[in-house]
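Given the structure is predicted, the values throughout are model-derived calculations rather than measurements. Protein chains get the first letters and strands the later ones, always in sequence-line order, with residue 1 at the start of each. Just so it is clear, the values below take in all heavy atoms, side chains as well, and ignore hydrogens, waters and symmetry mates.
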Amino acid sequence: MQYDFNRIEKDWQKYWSENQTFKASNNCEKPKYYVLDMFPYPSGAGLHVGHPLGYIASDIYARYKRHKGSNVLHPQGYDSFGLPAEQYAIQTGQHPAITTETNIKTYRRQLDQIGFSFDWSREVRTSNPEYYKWTQWIFIQLFQSYYCNNDNKAKDINELVSIFSSEGNANVACDDIIETFTSEAWNSFSTEEQQAILLKYRLTYLAETEVNWCPALGTVLANDEIVNGVSERGGHPVMRKKMTQWSMRISAYAERLLQGLETIDCTDALKETQRNWIGKSVGATVSFNVKGHDESIEVFTTRPDTIFGVSFMTLAPEHELVSKLTTAEQKAEVETYIEKTAKRSERDRMVDVKTISGVFTGAYAEHPFTKEPVQIWIGDYVLASYGTGAVMAVPCGDQRDYDFAKHFNIQIPNIFEGVDISKEAFTGKDNVKIANSDFLNGMNYKKASKRAIYDLEQLGQGEGKTNYRLRDAVFSRQRYWGEPFPVYYVNGMPQMIDAEHLPIRLPEVEKYLPTEEGEPPLGRANVWAWCTKTNTVVANNKIDNKTIFSLELNTMPGWAGSSWYFFRYMEEAASRGNVFASKDALNYWENVDLYIGGAEHATGHLLYSRFWVKLLKDRGFVNVEEPFKKLINQGMILGTSAIALNVTNIRVNHLSKLYSLKEDEFKFTTDYSQNSSGQKVNILVSKDLMFESTNTKNTISCSGINNLNHDPSKKNSLFNTILSILDINEEVKDELLNGESILSYFINPIRVDVNKVNASDELDIDSFKIQKTSKEYEKSLFILEDNDIFLVGREVEKMSKRWLNVVNPEVICEQYGADSLRLYEMFLGPLEQYKPWDTAGISGVHSFLKKLWKLYVDDNGLKVNDAEPTKDNLKTLHKTIKKVQEDIENFSFNTSVSTFMIAVNELTAQKCTSKEILEPLLVLISPYAPHIAEELYNKLGNNTSISTSPFPEFDASHLVESSKNYPISFNGKMRFTLELPMDFTKDEIEKAVMAHEKTITQLDGREPKKIIVVPGKIVNIVG
RNA sequence: GCUCAAAUGGCGGAAUUGGUAGACGCGCUGGAUUCAAAAUCCAGUUUCUUCGGAAGUGUGGGUUCGAUUCCCACUUUGAGUACCA
């Protein structure tokens, strides 16, 4: 009987689905375990083999946990709101909901084919109104909350209102409100005034903010959606623009987000990335009075100890005080400078960090202690968006201040004892004493900082302060395909729609573009106003601002729906109606035990999720502080592109006529450079070549060109192929062969479809040419090797349609089966590492599965019987149990695949047929290759799924050895091995080794200086 | 610039607390089977070698009886971050 993987896999996938084998229960005695994948965005391109990597790993772990007796929740869903569907809708007019639905179907088909143990009954889709109802609901909770700094948690905004009306805001500090008010004042404010103040406290708020506007995408972007100054999606330029936007006060949680990292099990790299993003710095604010003005300039510094080293101040060009302070004489110069820097884009400023520029305002501040005048400058090295947008410059202790001072000839006082600052600033902290600093003299960094802050506080000119880089997150997108806000406007003030009326469904629009007036696409909706009487969405032409009001036109960003979806899975689909997840479900599942996904979400998704979970905890809706206990980032699977070279331009120069060069042999000139790998690369010759072209622009960089077959005597040489297509007459051919002319050609590397190349790098030319994507090569000629094959070179790069290196998992499943795909993806290398895909290698794991099959079944049917296992059988089984269990728990899936191979090779050699060995072996393999495991398990006479049969117990007694093959080393180098009984003592071992003839040869008459014997391990002789 | 990670055959990679470097697989070489191919099976495959051996885990040093593993310096690659006061 053959291993018919296609039949087996289809059968078992059907069985699992019909029997709901992987349906998780919310009522179970077993311990819970929650394994989650980052849910995919269902793109039109479908899955390639790189996508399922993390899903396979999590599936193995989920299946392992079931064998180990856990009640496992392993759900899957779709992050189905997003830009690509909308872009496609703009181009085609097709509603994004329709394309999304189609894409989801493709994804589901592809996922099902791989045999995941997902509980699909709990599927979520962020674009489903029954789902985004609760995204809107969470938004309302954010709006109804403020962050209480005293208790360090979010609280109901109504508590704040009662505080205001009884005692004012004196005890409720807020960075955005400088003025305090009394309870009387509060009570006298109009409703609008009160709301405007409350908005500054709410965790989501509407504010005019400077945002990252991306004109090409027609929307704003969050900081983490921008990479190197351009949009993450599409790489479009981004500019700064002031807009009224919803923001999320994630900054309120900065400290808790930082502290919480300690409790998460993930790589240090990921923690470090998040720490950087939060960017905590401890220091002080200092305010400098401006001479001749009532104003003072507030700065943030991490080095209050260096305050006596201040020799000037620098303001960001955008700083609000610049225009007020600048003196008449300096006005013109300052204005020119501001204009100049405004023109420089953010990107230019980032790229060009070396040029020092700035200008003196003419104004002076007063040093808080010495009362000496301090020049006030502006300079674009100071960023308006960080700290207070102003710095106290200490040139002796900060390299940028130092460079600035040198450049503009400002004095550089030295306040460090025994440090030479003639060449550069001293940026160290430790082991140096402060000097020339009045009351700080002789103190170290720590002491001086403390003292400086104390004295500043006495003066009322500063205090200790912690600053965070983490900015509030802009939450509005000028887009259609996202969650609508549950918000309408009364007198310009945002009002929440009552939760009971949710969801507010996306309205229909006839086009998915912004309106002519520049409003977001929702501005096109005809039915998009809120009636407070009926509590329904009604037509906009009825707006009367009495009972019918305009609704918010922005939608929420992509990260809204993904910031809480892990809770939604906890609730069984049937009972999701009235809650985002019930208390019972939340109590039972708590949070995600294992979360696997891409590292690209390290700052965005993970921070936002953690933020929302903390809010939900503070407000009593969930009882966990962090959403994920353990996090693993899977590495990307890269594609292996197939490279051929394409001859684009050929010309023949008649030497005898043009030059007087003497060539004693036939000669080609080629314009190329080459790399060192020396791999064989062939050349396609395009028939559309331009004969006698003078285009010399094409140059190439490709491997192995030196191996090309130039030899005119070989039938398939480049020379002969070119001549044949150019139809060069005999006379020219003679000239070329006699060295009278030079044939020059230009070569470009081109990618050919990797799926048409076999394991030996041979291209299947005929099937390649008839491919849709390869039509342009229909007319090309291929320079063949002498054995008439066409070889390609290889290049490892990201898997992408563009590079023709995409491998579809469906094709692999049909050809080799899902079990082969699963095993191979794991076998490629460590989960977290980047590694190239090479379809050729899959034959290894595929033949392993065939060998496994043959261990159980042959032409006569089942081979397995009740034979007593041999000692060797037991040893193989138990060392496999031990290793596989350790590997899974360490997420070292690649090594357990080799362990399986070794086990099967050994058992085959041992001719093992014992059920006592072969049945537990199936359980070990089943997380990795579930279909074949189920099939064989069934053949062994079991009529239930293997998925919950217990994981075999490891018994160490089977591994006990009676002898050990000792490696005998000389000076640490192993020279030979010697089989000795395990119970030999040190002395006995030493005696046996010293008596050995090879020892005598090795020592060659020398007396050993020392003999090290580690019983059971090694013998080392030092000579 | 700063932070972090990595570097092992032709390739992917293994070596779990310092103890036989190159497991397992791909590819390659030879052989068996076959009319032939596919499939399968067997043997070999780090390099050099005078066939006794010797060298060898990016480079240079150190600790140790013994280092791919620990320490120091450097080189290269990748990732993150960027005038953060």
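Distances were taken from every side-chain heavy atom of A:Met901 (C-beta onward) to each of B:A39, B:C24, B:U20; the shortest belongs to B:C24. Of the candidates B:G25, B:A21, B:A85, the closest approach to any side-chain atom of A:Asn905 belongs to B:G25. Between B:U16, B:C26, B:C83, one nucleotide has an atom nearer to the side chain of A:Asp887 than all others, and that is B:U16.
Between the A:Thr302 side chain and the A:Val282 main chain, no donor and acceptor come within less than 3.5 Å of each other.
For an aromatic pair to be called close, the ring centres must be under 6.0 Å apart, and A:Phe404 with A:Phe312 satisfies this. Between A:Phe5 and A:His846, a ring centre-to-centre spacing shorter than 6.0 Å is recorded. The ring of A:Tyr824 has its center closer than 6.0 angstrom to the ring center of A:Trp837.
Under the 30°/60° scheme for interplanar angles, the aromatic rings of A:His878 and A:Phe954 are found to be tilted.
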What protein N or O atoms touch nucleotides 2-12 of chain B N or O atoms at under 3.5 angstrom, if any, and at what distances?
residue : atom : partner  : partner atom : Å
B:G12   : O2'  : A:Leu828 : O            : 2.5

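Across B:G22 and B:C72, the matching P atoms stand 29 Å from one another, rounded to whole Å. Taking atom C1' on both nucleotides, B:A14 is separated from B:C26 by 15 Å, rounded to a whole Å.
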Point to revise | Contact pattern, 5' to 3', of nucleotides 56-62 of chain B - B, S or - by protein heavy atom under 4.0 Å | key: B------
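Remark: the A:Lys882 side chain and the B:U16 base include no donor-acceptor N/O pair separated by less than 3.5 Å.
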Review point. Once Watson-Crick and G-U wobble pairs under 3.5 Å are found, how is RNA chain B written in dot-bracket notation, 5' to 3', with | for any base paired to another strand?
Key: (((((((..(((......[....)))((((((.......))))))(((....)))..(((((..]....))))))))))))....
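The distance from atom NZ of A:Lys998 to atom C1' of B:G53 is 11 Å, rounded to the nearest whole Å.
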